[in-house]
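Just below is one structure, and these are the notes that go with it.
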2 protein chains.
Amino acid sequence: MKKVTINSVATYAGVSKKTVSRVLNNEPNVSPATREKVLKVFKELDYTPNPIARGLARNRSFIIGCLYDNPSKSYITRVQSGALEACHKHHYNLLIHPCELRGEELIANIEHLLTTSRLDGMVLTPPFSDSQELIDFLKKKKIHFARVASAIDDAESISVRSNDEQGAYEITEHLIKLGHSNIAFIKGHPDHSATEQRFSGYQRALAEHNIAFNPKLVAEGNFSYHSGADSAKAILDLEPRPSAVFASNDYMAAAVLKLATQRQLKVPQDISIAGFDNAPIARHIWPGLTTIAQPVEEMTRQAVEQLILQIGDEQTPVYQATLEAKLITRESTAQHK
Amino acid sequence: MKKVTINSVATYAGVSKKTVSRVLNNEPNVSPATREKVLKVFKELDYTPNPIARGLARNRSFIIGCLYDNPSKSYITRVQSGALEACHKHHYNLLIHPCELRGEELIANIEHLLTTSRLDGMVLTPPFSDSQELIDFLKKKKIHFARVASAIDDAESISVRSNDEQGAYEITEHLIKLGHSNIAFIKGHPDHSATEQRFSGYQRALAEHNIAFNPKLVAEGNFSYHSGADSAKAILDLEPRPSAVFASNDYMAAAVLKLATQRQLKVPQDISIAGFDNAPIARHIWPGLTTIAQPVEEMTRQAVEQLILQIGDEQTPVYQATLEAKLITRESTAQHK
DNA sequence: CCACTATCTGACACCGGTGTCATAATGTGG
DNA sequence: CCACATTATGACACCGGTGTCAGATAGTGG
């Protein structure tokens, strides 16, 4: 059984391969009779066009690469889901490529990726969206890319972010308005720009409500549940014990909640806990976590959609947007006794 | 600035493009001097070979596709992580393609996927690994594939599974040995073969310990947290209330735990809860969930690795394996009072 | 019925690599 | 120094499509 190519179809149908190609791509200027005939041969021979050959001729792969290095699985899942939505809408596919930000091999790694499979563009998610080195490399290689949740200001490249600083401000203010003033904070991974932004939102809220910032209340996390557990221990051992904890993401907040519960503390009666991201876990546990909902899917969807537009037409204006983050109150925060 | 192709390199280096190709692929029979010269030009011109052209000539894309339709995000994450490990080891990349099992468009959808991007092979995860229709289609199209956690017996195709029935048996027996006899069960999604297997493991354990099977204790779930919440309500309202609940996965078990806690029930003192999968959430909540650890990453890793071997050499014997599932006891199950 | 335009169709080069095979250059033993 | 094996190199076809452009065919108005 021989492979069915455009040539076999052409011969079998008694037309030129160009005509077959026309039918394949729904191009005009093919008589209905011819089109019919060719379509019938497609079925008869069970022909599937070879995307690689097509890609070579058109210089397109219709594949977008998604780069990430993120301890939060749910964040990645959401990123993928947004990216896939945009991809499928435009008949693109998504190739995922987790890799480590650190290490000089990053560029080599990406170079190898590009040597292995030609990508029409790349979506950079944190912390890659903040890697100037990578951005410069992609520009040099003339690879289209879009940045998600990046803090870098670069008018030349697509960027969709949400306002982390403002979100952190709002959730901190929410705690303050509930009467809390002794509010612990757990930082995220130092490589992520969101870490600094959420931290400064926290600080701004304190400052604007005349609460002195106390560095002893700050624990170093890295967005992982595990790091949250470590930070939780440090925070719950503080004297006096803070009446509220704001963790930079929901996983770390969940770790605080777990330890607090293990220690027989009632949440939120004895201690309020707030997170960030509105990850699934925030509503899968009891009490549900008060948190900031970031439109991760939507950010990625927009970023990828714009990326695809840019690939299709280099003249497309560079899209830059900041989406809103929203406070979601659940049972884990309450009035300070 | 012109594109750098193998031709420009060849001209610039004063050799034929075939020689350049030889250097590119580390082929023998190139004099050290020539090799050196060409490598220097690579650097000078910052040449990156075009993977599409290479793919066309070699009839390879070095991309594996991963098919899934699964409500459990953590399951998918684990699948991806195992698949990526195997891919990267062999210099392959991973393209992800979630789609719906139901609907006659499935085959059309996959056909479109194959038309859009040529894949060297596909990993089928549940419920696709159990779709005879899809398997037949892929065979007809001569696409290599590997099945993960499939219940279908097909000696011709690669398959890696774990023993769900035995796992369910063991965790049910664990509950029985703790003195429980009124054990509720939440089923998974009907499209997944694991659902039936876990259910029959539950039933076998009851039978072997002379406990009458009571259909009223069985709730229909679909592996999602939400369905678990619905089932939880039905189960906790039963009279008499079961002393233990075994949910077919951890998300649904977490939903039971949440509702029980909301209703002021103490877990495990008032009711024991067991899950399946050892998803991250099982250890992120308090009390931690007793569950069955399935080696999802390892299953997928092996499946993809074998798939790649098969792609490289059609003569490779078809690999079939069943990995062991392991009982993990945490705080959510205890002796019946 | 003819001139002229609009609609089809195919020949051919091309995308950027790899495989085959012939030939050139080099090395080895007698 | 020659016969012969070995290594190095390039010419050329080929992978399976698409773009360009010229020529053929059909359609239209005078």
Side-chain angles (χ1 to χ4, degrees), chain A residues 2-39 41-42 45-63 91 114-120 141-142 312, chain B residues 2-39 41-42 45-63 91 114-120 141-142 312:
Chain A
K2 260 191 70 91
K3 229 183 317 181
V4 181
T5 73
I6 197 169
N7 288 296
S8 19
V9 174
T11 311
Y12 196 90
V15 298
S16 75
K17 54 191 243 186
K18 179 63 215 188
T19 300
V20 177
S21 169
R22 285 198 181 92
V23 175
L24 213 49
N25 295 290
N26 269 314
E27 284 174 30
N29 297 339
V30 178
S31 75
T34 312
R35 190 180 296 273
E36 221 35 65
K37 187 170 59 179
V38 173
L39 285 173
V41 177
F42 280 176
L45 265 48
D46 194 20
Y47 168 67
T48 314
N50 181 330
I52 299 204
R54 185 183 293 209
L56 178 59
R58 290 209 192 141
N59 199 24
R60 276 286 152 77
S61 67
F62 294 99
I63 296 178
H91 301 294
L114 293 172
T115 309
T116 314
S117 44
R118 188 178 136 44
L119 302 177
D120 287 349
K141 284 283 185 180
K142 302 200 181 303
Chain B
K2 259 189 71 89
K3 227 183 320 178
V4 181
T5 72
I6 197 167
N7 289 295
S8 18
V9 174
T11 311
Y12 196 89
V15 298
S16 75
K17 56 191 240 184
K18 179 64 214 187
T19 300
V20 176
S21 168
R22 284 197 182 94
V23 174
L24 213 50
N25 296 288
N26 269 313
E27 284 175 29
N29 298 339
V30 178
S31 76
T34 311
R35 189 179 298 272
E36 222 34 66
K37 187 170 57 180
V38 173
L39 285 173
V41 176
F42 281 174
L45 265 48
D46 195 18
Y47 168 67
T48 314
N50 181 330
I52 299 203
R54 187 184 292 212
L56 178 58
R58 290 210 192 138
N59 198 25
R60 277 288 151 77
S61 68
F62 293 100
I63 296 178
H91 302 292
L114 293 172
T115 309
T116 314
S117 45
R118 186 179 138 44
L119 302 176
D120 286 350
K141 284 283 184 182
K142 301 201 182 301

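Worth knowing before you read on, the calculation uses all heavy atoms, side chains too, and leaves out hydrogens, waters and symmetry mates.
In this structure, OH of A:Tyr12 is placed 21 Å from C1' of D:dG16, rounded to the nearest angstrom. The interatomic distance linking B:Ile52 (CD1) with D:dT18 (C1') rounds to 13 Å, in whole Å. Nucleotide C:dT20 holds its P atom 13 Å from the CG atom of B:Asn25, rounded to whole Å. Rounded to an integer number of Å, the gap from CG of B:Leu24 to P of C:dG17 is 8 Å. Atom pair A:Leu114:CG and C:dG17:C1' shows a separation of 17 Å (rounding to whole Å applied). For B:Arg118 and D:dC15, the CZ to P distance is 15 Å, given to the nearest whole Å. In this structure, A:Leu56 places its CG atom 14 Å from P of D:dC15, rounding to the nearest Å. Taking atom CG of A:Asn50 as the reference point, atom C1' of D:dT18 lies 13 Å away to the nearest angstrom.
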Counting primed atoms, P, OP1 and OP2 as sugar-phosphate and everything else as base, the B/S/- map of nucleotides 4-14 of chain C against protein heavy atoms under 4.0 Å is ---SSBBB---
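B:Ser8 and B:Thr11 share no side-chain donor-acceptor pair at under 3.5 Å.
Contacts of A:Pro49 with the nucleic acid, taken as non-hydrogen atoms under 4.0 Å apart, involve only primed sugar atoms and P, OP1 or OP2. Within the 4.0 angstrom heavy-atom criterion, no nucleotide atom of any strand lies near B:Asn7.
Residue A:Ser21 places at least one side-chain N or O under 4.0 Å from the OP1 or OP2 atom of D:dT18. At D:dG17, one or more side-chain N or O atoms of A:Tyr47 fall inside 4.0 Å of OP1 or OP2 (strictly under the cut-off). For the pair A:Lys3 and D:dC15, the criterion of a side-chain N or O lying under 4.0 Å from OP1 or OP2 is not met.
Shown here for B:Tyr47 and B:Thr5, the closest heavy-atom pair between the two residues is CE1-C, 3.7 Å. Across A:Arg60 and A:Asp120, no two heavy atoms sit closer than the pair CD-OD2, 3.3 Å. Heavy-atom minimum distance, B:Glu27 versus B:Arg35: O-NH2, 2.8 Å. The two residues A:Ile63 and A:Arg118 come nearest to each other via the heavy atoms CB-O, 4.5 Å.
The environment of A:Tyr12 atom OH is sparse: at most 12 non-hydrogen atoms of other residues, nucleotides or ligands sit within 6.0 angstrom.
Over its full length, the helix from C:dC1-D:dG30 to C:dG30-D:dC1 turns its helical axis through 30°, comparing axes from the five pairs at each end and rounding to 10°.
With contacts defined as side-chain heavy-atom distances shorter than 4.5 Å, the pair B:Val15/B:Lys37 qualifies.
In terms of the side-chain hydrogen bond (donor to acceptor under 3.5 Å, both in side chains) criterion, B:Asn29 has no residue partners (sequence neighbours excluded).
With hydrogens and angles disregarded, no donor-acceptor distance shorter than 3.5 Å links the side chain of B:Arg54 to the backbone of A:Thr116.
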